[in-house]
Number of protein chains: 2
Amino acid sequence: MSNISIYKEKLRESGLRPTRQRLKICEVLFTPEKTFHFTINDLTKIIENKLSEKISLATVYNTIHAFKKKGYLKEISINSDKSYFDTNVTEHHHFFDEDTNELIDCSNEEIDSVNIKKNITGKKIKSVEVLIKVASDNQNQN
Amino acid sequence: MSNISIYKEKLRESGLRPTRQRLKICEVLFTPEKTFHFTINDLTKIIENKLSEKISLATVYNTIHAFKKKGYLKEISINSDKSYFDTNVTEHHHFFDEDTNELIDCSNEEIDSVNIKKNITGKKIKSVEVLIKVASDNQNQN
DNA sequence: ATAGGTGCAAACGTTTTGCATTAAA
DNA sequence: TTTAATGCAAAACGTTTGCACCTAT
C-alpha cells in the first residue's frame with residue numbers, strides 16, 4: 001500500500017496526473033513480484049473482481065496507452081484479435097502457446113541475440129521481437 | 001491467363017473446389033512475379049478495382065483462411081488492428097515500417113537464424129517469427 | 001442429387017471517439 | 001480557475017456467423 005506515494009511521484013515525473021484510477025492501475029500492474037502479460041480485458045476484470053473497483057473502459061485504454069508511451073509497458077506483436085501487453089519492459093522474447101493463448105517469457109539466456117545484417121535507409125530500429133509459436137505435439141494441424 | 005488450369009488443379013488436389021471466386025483470388029495472389037504482403041482490405045480493393053469483380057467479404061475471409069490452412073499463405077504477427085498475410089511461405093522474417101505500416105521482407109542472408117535453447121514440455125515449435133520495427137530517424141517517439 | 005461454397009446482413013469483440021462532468025494543478 | 005482526466009454511450013473497425021441460395025461434382 002505504501003507504494004502509492006512512489007507511483008504518485010513517478011506519474012508526476014512523467015507529466016501524468018496521479019489520479020485515483022491511474023494509481024489503481026499502477027497497483028495492479030507494478031506491485032506484483034513478477035512481471036506479467038495481460039490484455040485490456042484481463043486488466044479490467046482484475047480491477048473489477050480483485051479490487052471491486054469500476055474504471056471506465058476509455059480510461060483504462062487511455063492509461064495503458066499513456067504508460068506504453070512512457071515506456072512503462074511493452075506491447076507484444078501477435079496476430080490475435082486483441083492486444084497483449086507486458087509489464088516486463090526489458091529486452092526479451094516470447095513463446096505463444098496456441099492451445100491456451102498464453103504468453104511465456106523467453107529470457108535472454110534462452111535465446112541468442114538476433115543479428116541483423118540489413119538496415120533500411122533513413123529508418124532506425126525501434127525494436128526486435130522474436131515470437132515462437134508452440135502447440136501440442138499431437139495437435140491436428142490440418 | 002493460362003495459369004487458371006494450374007490453379008484449378010492445385011485447388012482440387014487440396015480438396016478445395018475451384019470456384020470462380022477462388023480462381024480470381026489465386027490470380028491476384030499467385031500470378032505476380034514477386035511475393036507480397038496484404039491485408040484482407042488490400043485484397044478486396046485489388047479485386048474490386050483492378051479486376052472490377054465483386055466477391056463477398058465472407059468469401060474472401062473463407063478463402064484466405066482456407067489457403068492459410070493449406071500452407072499457401074502465411075499470417076504475420078504484428079500488433080495491428082488488422083491481420084497481414086504473406087504470399088511468401090518460405091521461412092523468413094520482416095521489418096515493419098511504423099511510419100507507413102508497410103512490411104518489408106528480411107531474407108535469411110540478412111538475419112542470422114535464431115537459436116532457441118528452451119523448449120516447453122509437451123509443446124512443439126510451430127513457427128519462429130522475428131519482427132523488426134523501424135521508424136524515421138527523426139521521429140518524435142513520445 | 002448433394003456436399004460444399006457464396007453472399008448478404010446481422011452480430012460480435014476490441015478499440016476509439018465525442019462530449020459533458022469531474023478532479024488535479 | 002484552467003487544464004487534464006474520467007465516464008458514458010455511441011460509433012468505428014475488422015472479423016465471424018447464420019442462413020438461404022447457388023454451383024461444382
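Proteins come first, then strands; the chains are lettered A, B, ... in the order of their sequence lines, and each starts at number 1.
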Please work out whether the ring planes of A/Tyr72 and A/Phe67 are parallel, tilted or perpendicular, with thresholds of 30° and 60°. perpendicular

Looking at B/His65, I'd like to know whether one of its side-chain N or O atoms comes within less than 4.0 Å of OP1 or OP2 on D/dT15. no

Partner residues of B/Asp112 under the salt bridge (Lys or Arg N to Asp or Glu O under 4.0 Å) criterion, sequence neighbours left out: A/Lys117

Could you check how far CD1 of A/Ile25 sits from P of D/dA5, rounded to whole Å? 13 Å

For D/dT6, does OP1 or OP2 lie under 4.0 Å from any side-chain N or O of A/Thr19? yes

Can you measure B/Arg22 atom CZ to C/dG5 atom C1' for me and round it to whole angstrom units? 6 Å

Please determine if a side-chain N or O atom of A/Tyr61 lies less than 4.0 Å away from the OP1 or OP2 oxygen of C/dT16. no

Could you state the interatomic distance from CG (A/Leu43) to OH (A/Tyr61), rounded to the nearest 0.5 Å? 10.0 Å

Is any side-chain N or O of B/Ser83 closer than 4.0 Å to OP1 or OP2 of D/dG14? no

Quick one about A/Thr59 and A/Asn62 (side-chain donor to acceptor, distance below 3.5 Å, no hydrogens or angles considered), yes or no? no

Any donor-acceptor N or O pair under 3.5 Å, side chains B/Lys10, B/Asn3: no

Near DNA chain C, under 4.0 Å by heavy atom, which residues of residues 36-51 of chain A? A/Ile40

Parallel, tilted or perpendicular: rings of B/His92 and B/His94 (30°, 60°): perpendicular

Would you list the pairs meeting salt bridge (charged side-chain N to carboxylate O under 4.0 Å, His left out) in which at least one residue belongs to residues 72-87 of chain A, sequence neighbours left out? A/Lys68-A/Glu75

Specify the separation, in whole Å, of atom CZ of A/Phe85 and atom C1' of C/dT15. 10 Å

Kindly calculate the angle separating the two end axes of the helix from C/dA1-D/dT25 to C/dA25-D/dT1, each obtained from five base pairs, and round it to 10 degrees. 30°

Parallel, tilted or perpendicular for A/Phe38 and A/Phe36, by the 30°/60° rule? tilted

Between B/Thr63 (side chain only) and B/Arg22 (backbone N and O only), is there a donor and an acceptor less than 3.5 Å apart? no

Rounded to whole Å, CG of B/Leu23 lies from C1' of C/dG4 at a distance of 15 Å

Take B/Lys24 and B/Glu27 through the side-chain contact (heavy atoms from CB on, under 4.5 Å) test and state the conclusion after the steps. CA-CA 5 Å; B/Lys24 280 289 164 198; B/Glu27 268 189 67; 3.6 Å; yes

Can you tell whether the side chains of B/Glu48 and B/Lys45 come within less than 4.0 Å, N to carboxylate O? no

Which residues within residues 7-17 of chain A lie with some heavy atom under 4.0 Å of an atom in DNA chain C? A/Arg12, A/Arg17

May I ask you to decide if A/Leu16's main-chain N or O and A/Ser14's side chain share a donor-acceptor pair within less than 3.5 Å? no

Strictly distance-based, threshold 3.5 Å: is any side-chain N or O of B/Asp99 a donor or acceptor partner for the main-chain N or O of B/Ser136? yes

Between protein and nucleotides 7-12 of chain C, what N or O pairs are separated by less than 3.5 Å?
{"unit_1": "C/dG7", "atom_1": "OP1", "unit_2": "B/Gln21", "atom_2": "NE2", "d": "2.9"}
{"unit_1": "C/dG7", "atom_1": "OP2", "unit_2": "B/Ser56", "atom_2": "N", "d": "3.2"}
{"unit_1": "C/dG7", "atom_1": "OP2", "unit_2": "B/Thr59", "atom_2": "OG1", "d": "3.0"}

CZ of A/Phe67 versus C1' of D/dA5: gap in Å, rounded? 12 Å

Look at the side-chain N and O atoms of B/Thr63 and state whether any lies under 4.0 Å from the OP1 or OP2 oxygen of C/dG5. no

Using modelled atom types and a 3.5 Å cut-off, is there a donor and acceptor pairing between side-chain atoms of B/Asn108 and backbone atoms of B/Glu91? yes

